[in-house]
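Just so it is clear, the values below take in all heavy atoms, side chains as well, and ignore hydrogens, waters and symmetry mates.
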Amino acid sequence: TLYALRVTAHGDLEQIYYGDTIEGESTAALAAGLASLELHTQKVLNIMDATEYMDCADGDTNNAQDKSNNPNPIANSLGGLVGATIHPLAPGRNSQQLEFSCAADDYKAQTLAVAPSPAGLLVYRRHAVTPGKRFLEPRELMAQARELGGGEADTSATLVVTLGAGDMEVDVVYFVCPKEDVIVRRVEVRNMSKTDELRLHKLMSATLDLDSASKWTLTHLTGAWGREGTRTTQELQPGTVSYGSKRGISSHMHQPFALLSDGDQGYSETSGVHYGAMLIYSGNYLFEIDMSENGRVRLNAGLSMEPGASHLLTPGQSIASPEVALSCSGCGVNQLSQRFHSFVRSRLLPPEAVERRPLMLANTWESMYFDVTIDKIRALVRNAYRCGVELFVVDDGWFQDRSSDSSGLDYWRPDLSKLGPGGLSAVYRVLNEEAQPGAAPMKLGLWVEPEMCSPTSMVLRNHPNWILKDPRHGVLHMRRHELQLDLSQPEVQEHILSCLRRLLTDAGAPISYLKWDHNRNMVEHPLHSATGVPLPHAYTLGLWKVWGTLRTEFPSLVIEACAAGGGRLDPGTLYFCQQSWTSDNTDAVSRARMLTGLSMLYPPRCLGAHLSATPNHQTGRTQSVPLMTAMTLACANGFEINFEKLTNKELGETTHAGKLMLQAVPNDMYLHGRFWRIWDPVTSRSTHSHGGEAMAYAVSSPDLSTLVVVMALTDHSAMGRTPPKLRLPGGCLDEKRLYKVT
């Protein structure tokens, strides 16, 4: 794609084009028409018109400001009369396509709100282009796009445009990823004063303005517990649409993602122009989509702050927003999704996970709930081996004082009355004793919820000041019999790390995997942390510090994020956790809808999907094993089933399902292939075009030599209607190849 910027005569940073690359003479004409700086890395071209300020590129910021604030003689005389500097006539910023907005005459949702107001308008001061990435530090503790690893050639580059007014500077940062055709943006604010403080009341990661069209359509992912990732589409009208999270996590209700479709066609997998944005963040966030009276659309994405909250910048201090990844497709949403998938795989996931297929696991939750015993574990393990399980996860109930969700969240010590004198070493011994001769034993994983404590816990008694509460109010609400620890406090971070280090090194068994749960939302909390940062943001940074430290100390450890299902499935989490539990609802029909929505931005390999009991524990729906298996093949798959209670027939079906999960999608295709949505269950139900509700998808190898197609009629409500033949979308086959269908 082509992303073209310029600096206007009044120092504003304006976008003049974002879309498909303009080939041949058109590109040359565009470049020649602008006195420009070109950053040309493979398919991504950034052009900045710095005509008036090229002589300031060496850092002569005063000269830049003088030119921007140079009024004409009439304005001088009027300024003396009214006691203010009057600027010469300029186009209203409300009609410009700005990359950053903090001006009074831009009436759309803005990028930044600061007090006291800057001494003048924030205008262009300088720019710099450097190869590679300008990282936020410490880089291992901050979720952000990575450079390519594994010796792969990386032609990425960073463009930094600095705006300034008085003692405040703002860097608008662009990290260009040509291999994925993605541009990553963030904003950094510096207080250059030696004496005065600044308070930021709003901080967006990016402002993207798009020109008027015959119709603009917004698609985003909504939901609730058990209904995550529901695709929702609406035509934009003049005004503002906003959504996000105030729950301390990204939440089940909205994904930090927006898709804007240009033109009458609206959402389409295979055609049309579409712009996507995903925020690389794990806490409270805000998306604003603003259509002005002239039909132009602004997309803002960044931090959400409560009324009265602000980021304090003391003299010399700076702050960076989270990053947001942008991409554009001229041939449908599927192409946009594949670019995001490539970006997540190569630049977000932990480097050690990129070439590592998630192990097929068996989880004990639906077979035992809290009633975990060593005898039940042995009975499950025996048949789990027959189904090809590689990782055995003991879910909630393995630790002391945990017979229900009303107690036990404390110091994470094994319950010897359930597991026997050996504790976790006894579980590990069972995994080795039941292994098939000559086969590798299963690895061991555990469920934990380290951010919470129970009201009866010793943690609460010993450290009552560690609990998240609001000093302005005397009320503290409990959720799910849990209180939330304040991860903005370094002492709390170290406590969690200490407990987990002991568990991972001294439990008598090697732990390969943690299912990291988070079962309540943030409610009462102070507006700010001790360092003057809004508490929810400080909490997120504290969590990232814990996760980043664990990744450094235990690089082979797999962490699967969970928050009562998919409440913390977001791009920021995937920087530290290679996979996320999609939903507590394991029903295959529900999962078909979730996969359709969530695959818009996430490669399915990141989405936990398990074959579960029938009737399903959440919906009560009876489903076939082949249908349930079909919804897991491209995902981080496994079983949520009581192997001990299966009949011989059911065990045979489940064993075959396990083989399909491991073999149907070969490794190279699973890790690096392209994902294609073909039949949409939501559309098929509303139109009855398939005789009911249908789902079809395909995974192709990177070179298109192999294609795995999965299709399922998830609900046949229109009896007598024959589903149509499956038509593969253009691009998923190589027209020069002859394929064999098996």
Side-chain angles (χ1 to χ4, degrees), residues 7-8 10-14 61-62 64-65 68-69 84-85 87 92-94 96 98-126 136 160-173 185-209 240 242 244 279 281 283-288 290 298-324 527-529 531-538 541:
V7 174
T8 70
H10 296 276
D12 294 313
L13 183 60
E14 185 178 27
T61 57
N62 290 326
Q65 273 197 293
S68 175
N69 296 327
T85 301
H87 287 262
R93 289 177 176 82
N94 198 57
Q96 293 178 275
L98 299 175
E99 293 286 280
F100 179 90
S101 174
C102 187
D105 61 340
D106 181 7
Y107 302 108
K108 300 187 290 293
Q110 299 197 347
T111 317
L112 181 71
V114 60
S117 298
L121 298 173
L122 282 161
V123 296
Y124 172 86
R125 285 186 171 176
R126 57 186 178 274
L136 297 170
V160 180
V161 182
T162 301
L163 311 176
D167 289 328
M168 186 174 91
E169 284 194 338
V170 173
D171 285 346
V172 184
V173 182
R185 291 182 54 182
R186 71 173 185 261
V187 168
E188 300 175 15
V189 183
R190 286 186 299 279
N191 183 3
M192 311 284 286
S193 172
K194 297 181 180 180
T195 57
D196 298 329
E197 295 179 343
L198 291 176
R199 286 196 175 272
L200 306 185
H201 296 279
K202 182 178 184 180
L203 179 60
M204 293 286 104
S205 302
T207 291
L208 176 67
D209 281 358
T240 303
S242 65
L279 186 67
Y281 194 58
N284 288 0
Y285 69 92
L286 175 66
F287 272 68
E288 297 174 317
D290 191 330
R298 169 168 294 175
L299 168 65
N300 280 340
L303 296 174
S304 172
M305 284 189 270
E306 299 178 46
S310 62
H311 289 269
L312 173 65
L313 291 186
T314 57
Q317 197 174 20
S318 63
I319 186 172
S321 74
E323 292 186 338
V324 61
L527 274 180
H528 300 97
S529 69
T531 57
V533 176
L535 192 285
H537 184 57
L541 296 180

Colleague: Do Ser242 and Thr240 have a side chain donor and acceptor closer than 3.5 Å?
Modeller: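 No pair is found: no donor N or O on one side chain lies under 3.5 Å from an acceptor on the other.
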
Colleague: Taking all non-hydrogen atoms of both residues into account, name the closest pair between Pro118 and Met168 and its distance.
Modeller: CG-CE, 3.7 Å

Colleague: Are Val533 and His311 side-chain neighbours, meaning at least one heavy-atom pair lies under 4.5 Å?
Modeller: yes

Colleague: Please examine the side chains of Pro536 and Glu306, heavy atoms only from C-beta on, and report whether any two atoms are closer than 4.5 Å.
Modeller: yes

Colleague: On a heavy-atom basis, which atom in Pro315 and which in Glu197 lie closest, and how many Å separate them?
Modeller: CD-CG, 4.3 Å

Colleague: If you round to the nearest 0.5 Å, how far is NZ of Lys108 from CG of Leu98?
Modeller: 6.5 Å

Colleague: Determine whether a donor-acceptor pair (N or O, by modelled atom type, separation under 3.5 Å) exists between the side chain of Asn191 and the backbone of Asp196.
Modeller: yes

Colleague: Please test Tyr124 against Leu13 for side chain to side chain contact (heavy atoms under 4.5 Å, CB included), starting from the C-alpha separation and ending with a verdict.
Modeller: CA-CA 7 Å; Tyr124 172 86; Leu13 183 60; 5.9 Å; no

Colleague: Hey, are the side chains of Arg93 and Leu121 touching, using non-hydrogen atoms and a 4.5 Å cut-off?
Modeller: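 A side-chain contact under 4.5 Å exists here.
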
Colleague: Side chains of Val173 and Glu323, heavy atoms from C-beta outward: is any pair under 4.5 Å?
Modeller: no

Colleague: Between Asp290 and Glu288, is the side chain to side chain contact (heavy atoms under 4.5 Å, CB included) condition met? List the steps.
Modeller: CA-CA 6 Å; Asp290 191 330; Glu288 297 174 317; 5.8 Å; no

Colleague: Considering non-hydrogen atoms only, spot the tightest contact between Leu286 and Leu303 and give its length.
Modeller: CB-O, 4.0 Å

Colleague: Which residue, Asn300, Thr207, Asp106, forms the side chain to side chain donor-acceptor pair (under 3.5 Å) with Ser101?
Modeller: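 Testing Ser101 for a side chain to side chain donor-acceptor pair (under 3.5 Å) against Asn300, Thr207, Asp106 leaves exactly one candidate, Asp106.
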
Colleague: Rounded to the nearest 0.5 Å, how far apart are CG of Asp171 and CZ of Arg126?
Modeller: 7.0 Å

Colleague: If we only count heavy atoms from C-beta on, is the Met204 to Val324 side-chain gap below 4.5 Å?
Modeller: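 No. Closest side-chain heavy atoms not under 4.5 Å.
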
Colleague: Strictly distance-based, threshold 3.5 Å: is any side-chain N or O of Ser304 a donor or acceptor partner for the main-chain N or O of Asn284?
Modeller: no

Colleague: Going by heavy atoms in the side chains, are Leu535 and Leu527 under 4.5 Å from each other?
Modeller: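 Leu535 does not reach Leu527 side chain to side chain.
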
Colleague: Between Cys102 and Thr111, is any pair of side-chain heavy atoms under 4.5 Å apart?
Modeller: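 They are not in contact (no side-chain heavy atoms under 4.5 Å apart), so the answer is no.
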
Colleague: If you take all heavy atoms of Ser205 and Leu279, which pair is closest and at what distance?
Modeller: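 Minimum heavy-atom contact is OG-CD1, 3.6 Å.
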
Colleague: If I take atom CG from residue Asp209 and atom CD from residue Gln96, how far apart are they, to the nearest 0.5 angstrom?
Modeller: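 Going from CG on Asp209 over to CD on Gln96, the span is 9.5 Å.
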
Colleague: Answer yes or no: is there a donor N or O on one side and an acceptor on the other, between the side chain of Arg125 and the main chain of Glu169, under 3.5 Å?
Modeller: no

Colleague: Roughly how far, to the nearest 0.5 Å, is CG of Asp167 from OG1 of Thr195?
Modeller: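 It is 7.5 Å, given to the nearest 0.5 Å.
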
Colleague: Any idea which heavy atoms bring Asn94 and Tyr107 closest together, and the distance?
Modeller: OD1-N, 3.0 Å

Colleague: Given 3.5 Å as the limit, does a donor-acceptor pair link the side chain of Ser321 with the main chain of Val187, or not?
Modeller: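 Looks like yes, one N/O pair under 3.5 Å.
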
Colleague: Could you give the distance from OG (Ser529) to NE2 (His537), rounded to the nearest 0.5 Å?
Modeller: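 The OG atom of Ser529 sits 9.5 Å away from the NE2 atom of His537.
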
Colleague: Is any side-chain heavy atom of Val170 less than 4.5 Å from a side-chain heavy atom of Leu112?
Modeller: yes

Colleague: Give the minimum heavy-atom separation between Ala320 and Leu203, together with the two atoms involved.
Modeller: C-CD2, 4.4 Å

